[in-house]
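Here's the structure we're looking at; comments come further down.
Quick note: numbers below take in every heavy atom, side chains included, and nothing from hydrogens, waters or symmetry partners.
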Amino acid sequence: MRRCVQTWLAGWGLAIAAVFLPVLHFVLVPALLLGGPILALQRLVERVSVLDVSGNCPGCGAPQKQSLKRKAQPRLEFRCDACRRAIGVRVPEDLLAKA
């Protein structure tokens, strides 16, 4: 619920800030005023989130600590900080069944 409210307020706060941008405010303000509640509702429905992932890179062996903060999906990907190789992470099925 907290993330939902933060998303909504961020959208509307950016809309207020966009009022002062010449010409761009004609597009940004309505988009942010509508987008804030839409994104907030998506956050509200999201039941399981992956906050961070830790482990070793399978390519170079470098320790990884990635902050993802995304909706849980069967497979999440990110890049190794050391070798820039794509790393795929599987989310356990029992966590996804709750979503």
Side-chain angles (χ1 to χ4, degrees):
M1 182 63 100
R2 185 187 79 219
R3 287 183 13 183
C4 171
V5 171
Q6 286 176 340
T7 302
W8 194 320
L9 292 176
W12 281 8
L14 290 171
I16 291 170
V19 168
F20 302 105
L21 297 173
V23 182
L24 292 176
H25 72 274
F26 290 115
V27 175
L28 288 178
V29 172
L32 291 168
L33 285 176
L34 292 173
I38 291 170
L39 290 174
L41 288 175
Q42 285 179 344
R43 289 282 178 126
L44 187 62
V45 180
E46 186 177 295
R47 292 202 175 264
V48 179
S49 299
V50 177
L51 299 179
D52 58 23
V53 177
S54 60
N56 293 328
C57 174
C60 67
Q64 298 294 309
K65 177 76 172 168
Q66 296 285 336
S67 176
L68 296 181
K69 296 182 183 175
R70 293 189 225 166
K71 181 179 179 180
Q73 297 174 346
R75 182 172 166 87
L76 297 170
E77 291 191 5
F78 61 94
R79 295 217 172 258
C80 172
D81 291 332
C83 66
R84 305 304 301 163
R85 178 181 178 178
I87 301 172
V89 177
R90 288 191 199 115
V91 177
E93 290 293 325
D94 58 333
L95 291 177
L96 294 174
K98 294 177 186 177

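- Closest non-hydrogen pair, Gln73 versus Val91, comes out as O-CG2, 3.0 Å.
- When all heavy atoms of Leu32 and Ala18 are compared, the closest pair comes out as CD1-CB, 4.3 Å.
- Taking both residues in full, the closest heavy atoms of Arg84 and Arg79 are given as O-NH1, 2.8 Å, listed atom of the first, atom of the second, then distance.
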(request) Verify side-chain contact (heavy atoms from CB on, under 4.5 Å) between Leu33 and Trp12, making sure each step is shown before the conclusion. (result) CA-CA 6 Å; Leu33 285 176; Trp12 281 8; 3.7 Å; yes
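- For the atom pair Arg3 CZ and Gln42 CD, the distance stands at 11.5 Å (nearest 0.5 Å).
- Not one N or O on the side chain of Arg85 forms a donor-acceptor pair closer than 3.5 Å with the backbone of Cys80.
- In the hydrophobic cluster analysis, where Ile, Leu, Val, Met, Phe, Trp and Tyr join through side-chain heavy atoms closer than 4.5 angstrom, Ile87 is grouped together with Val53.
- Residues Met1 and Leu44 form a side-chain contact, since some pair of their non-hydrogen atoms from C-beta on lies under 4.5 Å apart.
- If you run side chain to side chain contact (heavy atoms under 4.5 Å, CB included) between Gln66 and each of Val50, Asp52, Leu76, Asp81, only Asp81 comes through.
- The two residues Ser54 and Lys65 make their nearest non-hydrogen contact at CB-CD, 4.0 Å.
- With rounding to the nearest 0.5 Å, the separation of SG in Cys57 from CZ in Phe78 is 8.0 Å.
- Tested against Leu28, the residues Val19, Leu21, Leu14 include a single side chain to side chain contact (heavy atoms under 4.5 Å, CB included) partner, Leu21.
- Rounded to the nearest 0.5 Å, atoms CZ (Arg70) and OG (Ser49) are 11.5 Å apart.
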